[in-house]
Amino acid sequence: MRKVFLVALAVLMLLPLTGAFAGGEKDDGVVTIGANIYSFQDNFMNGVIKPEMERYSSELGVKLDIVDSEGQQAKLNDQVDVFITKGVDVLAINLVDPASAASIIAKAKAADIPLILFNKEATEAGAMGAYDKVWYVGTNSAESGIIQGEMMVADWNANSDWDKNGDGTVQYVMLKGEPGHPDAEARTIESVKAFTDAGISVDELALEADPNWSTAHGNDKMAIWLTSAFGKDIELVICNNDGMAFGAINALKAANVQLPIYSVDALAQALQHIADKELNGTVLNDGVNQARATLDLALNAAMGKGAVDGTSWVLDTDGTKAVRVPYVAVTPLNFEDFR
Ligand code: GAL
Ligand code: CA
């Protein structure tokens, strides 16, 4: 009996903390951010963005409630409903499906809760214009592909032996991220366009996409390609992110093959692969600053201030209501600066 009473008491004491009765920052003096990551399995999101959001939220003195959407947009929709019911002051959302922003924006608008979308930009036309309290924090997706492409062109021109069959054409394979994700689409196009813009012809031997941008995908596809009919013809491996490159590097090592390989993100493991001469270059995807900008905008929005008031972030002037953190080339010459 006493046990039952104690449990009941504990539950009662916990209720206000769960937010069941919380009415937002206006009532309890603490800003609560309802946030998600599209998948805790993602190297970059889980390894860089999430830990910095956790660290920076305590620096700012805000409460961060962060959940795993497990790669399911339907799950995220439910999580947003729960956050709204709990009465969070602001939402910080990493879309699972970039073409499903409108429904999340509509939910936030109906509840009059400000919304910061981050890392995965909405692709539905007009979605961002539907609500005056929604902003985006991410990057200029094309920039990563352009920088990666420029690195590859410079190295290709400096290493004539990379053109194994001497036909003046780059025979490449592409490990692509999530189809429809603005980063994946732009990186895939821009990285190759850098060659054709430089007057170098290209020949795509294979392309495989993975919605999870995973190491397993990179490993599996690279291993298959190396043993396929065109395996010996591959001259260059282009990866939309580090995670997939890690797998490809593993498959290359297992097959005892050396090929130039490039990626994006600049995770700690990628810097080590550059040090070990197993990766030719990556592009810093500045997750630390993306996490900070997301929380700075979220806090401002929750307090009813201008989104970038009192910060060093600048909103794009193109009507997308976006803060775009720059990408940086990471090569064997400068990678130590990013360790
Ligand atoms: C990209 C990043 C990828 C992956 C993806 C998830 O910006 O480069 O590694 O994390 O976001 O949306
Ligand atoms: Ca060639």
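Only heavy atoms go into these numbers, but all of them, side chains included; no hydrogens, no water, no symmetry mates. First listed ligand is number 1; within each ligand, the first listed atom is number 1. We're numbering straight along the sequence, starting at 1.
Atoms OD1 of Asn165 and O of Thr169, as seen from the Ca ion (ligand 2), are separated by an angle of 150°, to the nearest 10°. Vertex the Ca ion (ligand 2), arms ending at OE2 of Glu235 and OD1 of Asp167: the angle is 150° after rounding to 10 degrees.
Using a 4.0 Å cut-off to heavy atoms of Arg187, the atoms of ligand 1 that qualify are 2 (C), 7 (O), 8 (O). In summary, the atoms of ligand 1 found under 4.0 Å from a heavy atom of Met45, numbered by their order in the structure, are 10 (O). Below 4.0 Å from some heavy atom of Lys120 lie the following atoms of ligand 1, by number and element: 12 (O). When each atom of ligand 1 is checked for a heavy atom of Asn285 under 4.0 Å away, the hits are 1 (C), 2 (C), 7 (O), 8 (O). Near Phe44, meaning under 4.0 Å from any of its heavy atoms, are these atoms of ligand 1: 2 (C), 9 (O), 10 (O).
For atom 12 (O) of ligand 1, the candidate residues are Asn94, Asn119, Asn240, Val96; the nearest heavy-atom contact is made by Asn119.
Looking only at its N/O/S atoms, Asp163 has OD1 as the one nearest to the Ca ion (ligand 2).
Nearest heavy atom pair, residue Ile33 against residue Ala92, reads CG2-CB, 3.9 Å. Taking each heavy atom of Ala245 and Leu279 in turn, the nearest pair found is CB-CD1, 4.4 Å. Residues Ala108 and Leu91 approach most closely at CB-CD1, 4.1 Å, considering heavy atoms.
At a cut-off of 3.0 Å, Asp233 is not counted among the residues with an N, O or S atom near the Ca ion (ligand 2). With a cut-off of 3.0 Å, the Ca ion (ligand 2) has no N, O or S atom of Asp203 in range.
Summary of contacts: the protein heavy atom closest to atom 7 (O) of ligand 1 is Asp183 OD2, 2.7 Å. With respect to atom 5 (C) of ligand 1, the closest heavy atom belonging to the protein is Trp213 CE2, 3.6 Å. The shortest contact between atom 4 (C) of ligand 1 and any protein heavy atom is with Asp42 OD2, 3.3 Å. In terms of protein heavy-atom proximity, atom 9 (O) of ligand 1 is closest to Asp265 OD2, 2.6 Å.
More than 12 heavy atoms of other residues, nucleotides or ligands shown are found within 6.0 angstrom of NZ on Lys133.
Atoms CE and CG, on Met128 and Leu115 in that order, are 7.5 Å from each other to the nearest 0.5 Å.
Side-chain contact, Tyr172 with Glu204: a donor N or O sits under 3.5 Å from an acceptor N or O. Asp242 and Thr282 share a side-chain donor-acceptor pair at under 3.5 Å. Judged by distance alone, the side chains of Asn285 and Asp265 do bring a donor and an acceptor atom under 3.5 Å apart. Side chains of Glu185 and His181: a donor-acceptor N/O pair is absent below 3.5 angstrom, by distance only.
Contacts of Glu178 with ligand 1, taken as heavy-atom pairs under 4.0 Å, are absent altogether.
A side chain to side chain contact (heavy atoms under 4.5 Å, CB included) with Phe246 holds for exactly one of Asn241, Asn219, Leu267; it is Leu267. Screening Trp135, Tyr136, Phe118 for a side chain to side chain contact (heavy atoms under 4.5 Å, CB included) involving Leu297 leaves a single residue, Trp135.
Distances from ligand 1 to the non-hydrogen atoms of Val264 include no value under 4.0 Å.
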